[in-house]
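Step one of this worksheet: look at the structure below.
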Amino acid sequence: ETITLHALMEDVPETQIIEKMLPDFEKETGIKVEFEKIGYGDMHDKLVAQLVAPESYYNLLEVDFLWAGEFPAAGWLADLTPFVEKSGFDLKPFIPAMFDLLGRTKDQLPLIPMYNYSMGMIYRTDLLADPKLKEAFKAATGKELAKPETLADYVTVAKFMKEHGGVDGAAMQGQRGDPNAMEFSNYLYSAGGEYLGADRKVVLDSDAGKTALGLYVDNIQHAAQQGALSATLDDTMRLMCSGQAFSMVTYWWMLPQLDNKEKCPAVAGKLALSVMPGGHGESGGWGWGIPKNTSEESQEAAWKFIEWVQSKKVSVARALEGHAPVREDVYKDPAVLAKYPFYETALDVVASGKSFPIFAYSAQYEDVLGTQLSLAAGGQAEPDAALQAAADGLTQLLNK
Amino acid sequence: MKRFGLHLGLILVSAVVLLPPLWVLRTSFVPESMSYSTEVMPQFTTQNYVDLFTNNRFGSYYLNSLIVALGSVIVALPFAAMTGYAFARFKTGGRTARFLVLATQMLPPVAIVLPAFALFRVFGLTNSVPGLTLAYAAINLPFLTWILMGFFEGIPVDLEWAAQTDGATPWGAFWRIVLPVSLPGIAAAGVLGFILSWNEFLFALVLTGPRTATVPVALAALQTSNGVQIAKVSAGVVLAILPLVVASRFIQRFIVQGLTFGSVK
Amino acid sequence: MASIELDHVSKMYANGAYGVRDVDLTIADGEFVIFLGPSGCGKSTTLRMIAGLESVTAGELRIGGRPVTHVPPRDRNIAVVFQSYALYPHMTVRQNMAFGLKMRGSPASEIDAKIRDAAGLLGLTSYLDRKPAALSGGQRQRVALGRAIVREPEAFLLDEPLSNLDAQLRAEMRLELVKLHRRLGRTIIHVTHDQVEAMTMGDRIVIMRDGEVMQVGRPLDVYANPANTFVARFLATPPMNLVPATLSADADGALAVVLDGATLPVPGQHAASYRSAAGRPIIFGLRPEDLHEARQNQAWQPLELTVVAMEALGVENILIGQIGGEKPVEIAARLSRHFHAPIGSKVMLYADLAPMHLFDPESGKVLPRPAIALTAQ
Amino acid sequence: MASIELDHVSKMYANGAYGVRDVDLTIADGEFVIFLGPSGCGKSTTLRMIAGLESVTAGELRIGGRPVTHVPPRDRNIAVVFQSYALYPHMTVRQNMAFGLKMRGSPASEIDAKIRDAAGLLGLTSYLDRKPAALSGGQRQRVALGRAIVREPEAFLLDEPLSNLDAQLRAEMRLELVKLHRRLGRTIIHVTHDQVEAMTMGDRIVIMRDGEVMQVGRPLDVYANPANTFVARFLATPPMNLVPATLSADADGALAVVLDGATLPVPGQHAASYRSAAGRPIIFGLRPEDLHEARQNQAWQPLELTVVAMEALGVENILIGQIGGEKPVEIAARLSRHFHAPIGSKVMLYADLAPMHLFDPESGKVLPRPAIALTAQ
Amino acid sequence: MFRLAIDRDRRIGWSFAAPGLATLAVVMGFPLVYACLISISSLTLMKPQLQPLVGFANFATVMSDPLFWGSLWLTVKYSVITVAGEFLFGLGIALMLHRTMKMKPVYFAILTIPMAMSPVSVALIWRMLLQPNLGIANHLMETVGLPRIDWLGNADLALWTMAGIDIWQQTSFVVLILAAGLAALPREPYEAAEVDGATSLQQFWFITLPMLRPVAAIAVIIQLINEFRTYDLPYVLTKGGPGTSTEVLSFFAYRRAFLGLSLNEGAAAAFVLLVIVLGMTVAFFALLERKS
Ligand SMILES: Nc1ncnc2c1ncn2[C@@H]1O[C@H](COP(=O)(O)OP(=O)(O)OP(=O)(O)O)[C@@H](O)[C@H]1O
Ligand SMILES: Nc1ncnc2c1ncn2[C@@H]1O[C@H](COP(=O)(O)OP(=O)(O)OP(=O)(O)O)[C@@H](O)[C@H]1O
Ligand SMILES: O=P(O)(O)OC[C@H](O)CO
Ligand SMILES: [Mg+2]
Ligand SMILES: [Mg+2]
């Protein structure tokens, strides 16, 4: 009797790439895998219903890093250490930051990294090279117009572009919740701030944090597009694609989607990716997990699949299709680099990425933070007060 | 002249109602990358539709939706009509019963979807079309009951008396007299029930599996972290509207005037 | 077996108003009973209780001897013509009439035949395929009647079934109903405001007032011997003349009704009955048709009236006249269509006092006396 | 100014049936007109057209001289009592009656006063705060009537407004309507099936049949001189006796109506009118009230009848008798309530032939003769 | 005797109501009771057991959150705005529809289109139309010389924009129900009102509105319930933002239950909402009855 693996997957290219390769896996192992694809926003609710039930219908899980605190804490995930040990699966090639992101502790390994969505800056090289703008920038600031290296520079350039470049300086995703929380995290890390210091003490409301929020608010109010407070990734991407914005802080793998003659003729060939000015961006990613409330056989099968799909061979094949790797060796694979030269930068983005606090209430915290950011950005709250509230919220949730 | 004003008004509201769907229709025939173009038809394609059916299994979702929506109406409407009749004519259970019935729908769905899931799991009704149909029937029931109750209260009781003395059972009087005379209400309630099920999202999300999902779930999935596939959403919306547009020609015929005219002094 | 017994039955409506109050009445199987009474007196309510459509709030109702509280309307097998018609608006005339038969499972051919007959009878043949909305008021009423008569129930309850028909059609229908009653021998209760229907159709009439039964009896008996002033006035138009008077007795015991302006000797045959009331104020009652223009009988008493009004009905003339006196009282007389008299003139009429009645002025009750035969049936 | 002119007006319904056909009628301002006719003849349709509730499909309707095709009902300022009452189910009796006044902006105090008066008149005072559903049939009808009379419109259209009232109340209402008419002097059209109403209330009566007008005239004129057998039969119950006969003339020109079994000499005053019909088959018409039990006048002709049926109405007795002969014909006679005769016996009645009529057997039209006065108004 | 006759009606009534009530009791009753238990339990996603029951502690927790009161007020405001809008527009449209003959099927088909779209798609579509930089709405505004508007990103405007979209969609339900209600009205009172001199407006006010009241009241209540529970629209359009300007109560409850992982507090918030809606419903009908 063959086992079928059921996985609830987000309906994105990553999933589709794997889905196309599933017949190979079945041929190899005789295990059938069935992907049910829905939107990100709906996955959590649907998974929870299954995971709290006596037996889960899904016996293979795709878990976002935001849930990487919650799922293990709730005891829904099987510890993968025994599987790794038993099969001798080599974890070394994986980028260590990815494990941090996905809830690895001394005692347990809940998830194996699946793919990455760390954030960097995508910007318009043509505008930076425009002589008229260069001149104007010099006149205005006394500095050369170039790719910004600090957060403050970035905000200055963005504001300048809005004023003089005929474009919005930054396409910002200011919608409350995931979009603005993720975006702000980049600002925070770039300004040298952190959410948690050593001993997991909340340090968000440090001076760096204040600087970050100040610049964030400044940027969204003076450099961003109209409607930034309601914008999501979709809006910023389309704006960037239309050529009406100078820059955006986004997932690194957005670059090929924007730098595309067919889809975005207005900007194709005029874009570049860089690590977030200031050196650190927000890191994100998905991992594979195995629910506890499934049979032993299906857990075995699920592990087989994870082993297979995250093997170097399959990862490289996926990368060639556009996959965002989690293994260093894949980034450095010659075939991959040949096809996507910017993976070199991408690796920097991923490696330098910092993680949002991972704990049971990460998702809720994202919302608490998002609310304060939104209030501050909309002028409904003083930035310092908002930051304080966000920090307090974090403390509270950590103590819950 | 008065006629003219009336048509002017109707044309105006029709325009307000219709313009967004028209733009949606247009968008459904435009490639995704040009969906936000302000040109009316920058480029024509049927790819969005083709993709929906080939990549997004829209065909099977569509069928599921139809089955679930029709099925829930077929189950709920008779029950609702009977309960509504009991409430309207016999004051069954008094005010308390009426409000209790309605109160079952006053909880935000997010609060009962997990308990409902737990219940349905016990009976093996998750991941199944009949299960979702049953859930929708129960969700529709209170609303349909109330609507029909409103219509039944308007029927002169003399008609039922006549039927009863003519030898009809209470059921016969209900079936042969009350129902036909309240056709507009039945039609409206039927449509309402269909639409509620047709559009419901959360229960569909939680109670269904890959083969039993419905159109709203399919359309919601187009809102990905890689952006919203708005052209496909548009195509899906156009397809979702179709059954109602087809049916409304038919429904409208029931919503005609003066059904009790000439029956009582 | 459809005797209908109302055993101290009352009906109180939700608003506390009584529709019917303590009605005690037994209707024999196969009897044809007329309900008569002023608007709002409880006739329809009584019918609806018998049909089982309205709950009885006190007393007991028995049909065929058994209490029917638990018997739903359909099992009482009673056909009703509703005062409001209550036609099925979505059905054609034919379907309206067929409904009751269909419910009882009659075969289609029989239904057809019955509807054809009834429609012919009611003049509805060419309207069978119309819906009620496309009918005139009288046509609707006929459909309501047709719906009842196609069935052969235990009893018919007809609530003013002919009120919206023209006189001629009504006369025909009256006859048809009487025939139907003869043919089927079923109990019929017929509510009407029509004097001719009341007098000619039924075995008995029941006169109600304010939810209570005032008098029950054979029509002519009630007409000739009303139990009180209410019944006396109610049963005809113009109603019985009721005049406050005194009953005097002369030395040799002859009684006379003393009006303001006239004195009328009480016929000898009634003397014994009224003797005890001598000397007391009474109400004197005499019907307008007992005043005649010519003295065809020596016993008739002359009475001089001043003409106040004349109403020519074509078929007869109604004279309203005053008996002279301090406070002149008006009385009506039914005279022939050829009788003429100018307003203000004095006319001599002749009162046939044999059918007279005396009533107690306080209670309104009649002073009992032996009945005099009016007409052999 | 509410004269109402129907100028060859027709109404064809959607199903192709005619409700009214080519009606040509002028009603003067302030006139009180009675509409009379068999069920379904088009009375209500005519009223509804005048009110503006039904479109006119041919001809022209003028009110106060101006065509009203485009005038909506509310601007015609007409009060209507609908045959079906058409009460506002959601309003109390008071609100029902107040509505028309409120719509026309009468001050509240005036509305109150008017409703109080009307309610008193109609016996509705204690029902003012009930809704129609909690009223008896007659009470509802009175509300409908009340709603019309509180207003002071240009014209009243009353569609059988008293049909569900008891005789006594109806008599009162009749009087009140006549008073209302006198007081306001407004045009009134009153549809009724009641003979007394028809004869006494109106200035003229209009008799319709199958959507067409048969005869228009003062009530007693129409009663005494019907234009055809339809009108002759229609206007009273029992209707005029119509007997197929031959008109014979003897040597010296004296005419006689020859029935099967009796020969009745035509009164001399009519001889000239009928001479030309001598020798021809005719229909002989005589009203039941023209047969008398006693010969009060020597001109009255004896007529022997075999009693077939006696109908005792209390107020009078109707005798149905046969004139002997091969094919015996039945005729009705209205006799006093004291007249007795066993079924099968022979009775001698006396026919007053002065009011007789002769009709053409083919067309049913009356053979014209000068009118004889019936009664001074 | 009286009792027994009443009993018959009662029996018939219950036999009619039984199948529906039974279905409801089974399918909705269990989850409701369970949800109710959850609301007084210590059940969270982290610790999925009802025990120990904590009584009203969850309610206290929820109610001590200032955001709760803000979102409660917002919800009431939003519901009243949308229901009023839907009812007024719906009634107007239903009346116009009722009076036309020609073209009625066409209008009817058009006017009922919005209800055939799921709220999620409606929200997605309107996000497209109202996209501030690229959307067609602002493009048209600009074309006719009006300023571009930040429909959803402006804290003062977002709630109104959301309400507008909601009204745009939900009015079609109201039209459907009211059109049917109008169709079922008896014709006679209108004839009476015509001759009583009532203008169209007066007929509407004095005849149509009161007679339509039972059905209209039900339409209002159903919409009120739906609006109180609005979830999909803010979820897709604004996620409750900017700031907290569109944070309606069911969104609050959702957040508690699924992001905060505290199913018990989410359920408590939901029951508070239920009690408020129920209270408003009962009050609404009491008011209507008193007025009649
Ligand atoms: N809506 C309609 N469609 C078709 N025919 C109709 C319609 N309304 C009435 N009729 C027909 O028109 C004729 C005249 O109807 P109308 O109501 O005027 O009669 P009526 O004289 O008032 O009769 P009644 O005394 O019975 O009330 C009738 O034969 C009736 O069947
Ligand atoms: N549903 C009700 N609620 C309260 N009172 C009512 C109700 N129905 C009738 N009544 C009252 O009960 C009394 C009797 O009504 P019923 O209908 O029996 O009268 P009726 O004799 O048939 O009169 P009519 O000759 O006018 O038809 C009336 O005074 C009426 O107002
Ligand atoms: O992994 P993605 O790109 O589908 O998106 C992740 C979500 O945006 C949550 O952070
Ligand atoms: Mg009655
Ligand atoms: Mg009529």
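In what follows, chains are A, B, ... by sequence order, proteins preceding strands, each numbered from 1.
- Heavy-atom pairs under 4.5 Å with chain D were tallied for C:P38, C:A14, C:G37, C:A236; the largest tally goes to C:P38.
- Considering all non-hydrogen atoms of both residues, D:G314 and C:E289 come closest at O-OE2, 4.1 Å.
- At a 4.5 Å heavy-atom cutoff, the contact between D:F234 and chain C is made by backbone and side-chain atoms alike.
- Residue with the most contacts toward chain D among C:H292, C:Q296, C:R233, C:R140: C:R233 (heavy-atom pairs, distance under 4.5 Å).
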Residue pair C:R287, D:V315: steps toward the side chain to side chain contact (heavy atoms under 4.5 Å, CB included) verdict: CA-CA 8 Å; C:R287 293 204 179 270; D:V315 62; over 6 Å; no
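- With a 4.5 angstrom heavy-atom cutoff, C:R142 touches chain D only via side-chain atoms.
- The contact between D:D352 and chain C is made entirely by side chain atoms (from C-beta outward), counting heavy-atom distances below 4.5 Å.
- D:L313 touches chain C through backbone and side chain together, each having a heavy atom under 4.5 Å away.
- Comparing C:L165, C:V222, C:I318 by how many heavy-atom pairs each has under 4.5 Å with chain D, the most go to C:L165.
- Interface remark: D:E160 contributes side-chain atoms only to the contact with chain C (heavy atom separation under 4.5 Å).
- When heavy atoms are compared at a cutoff of 4.5 Å, D:N15 approaches chain C solely by way of its side chain, counted from C-beta outward.
- Closest heavy-atom contact between D:A312 and C:L220: CB-CD1, 3.5 Å.
- Heavy atoms of D:E316 lying under 4.5 Å from chain C belong exclusively to its side chain.
- The shortest distance between side-chain heavy atoms of D:D290 and C:R337 falls below 4.5 Å.
- Summarising the geometry of D:P355 relative to C:H338, their closest heavy-atom pair is CG-CE1, 4.2 Å, with the distance given to 0.1 Å.
- Between the D:D166 side chain and the C:S39 main chain, a donor and an acceptor come within less than 3.5 Å of each other.
- When heavy atoms are compared at a cutoff of 4.5 Å, C:Q141 does not approach chain D at all.
- If you measure heavy-atom distances from C:Q139 to chain D, the contacts under 4.5 Å come from both the backbone and the side chain.
- Residue D:T237 touches chain C through its side chain alone, counting heavy-atom pairs closer than 4.5 Å.
- Residue D:N164 holds its CG atom at 9.0 Å from OG of C:S44, rounded to the nearest 0.5 Å.
- For D:P239, no part sits under 4.5 Å from any heavy atom of chain C, backbone or side chain.
- Using modelled atom types, no side-chain atom of C:H193 and backbone atom of D:A167 make a donor-acceptor pair closer than 3.5 Å.
- Most heavy-atom pairs under 4.5 Å with chain D, from the set C:T192, C:L169, C:T200, C:I343: that is C:T200.
- Here the OH atom belonging to D:Y13 is positioned 9.0 Å from the CZ atom belonging to C:R130, to the nearest 0.5 angstrom.
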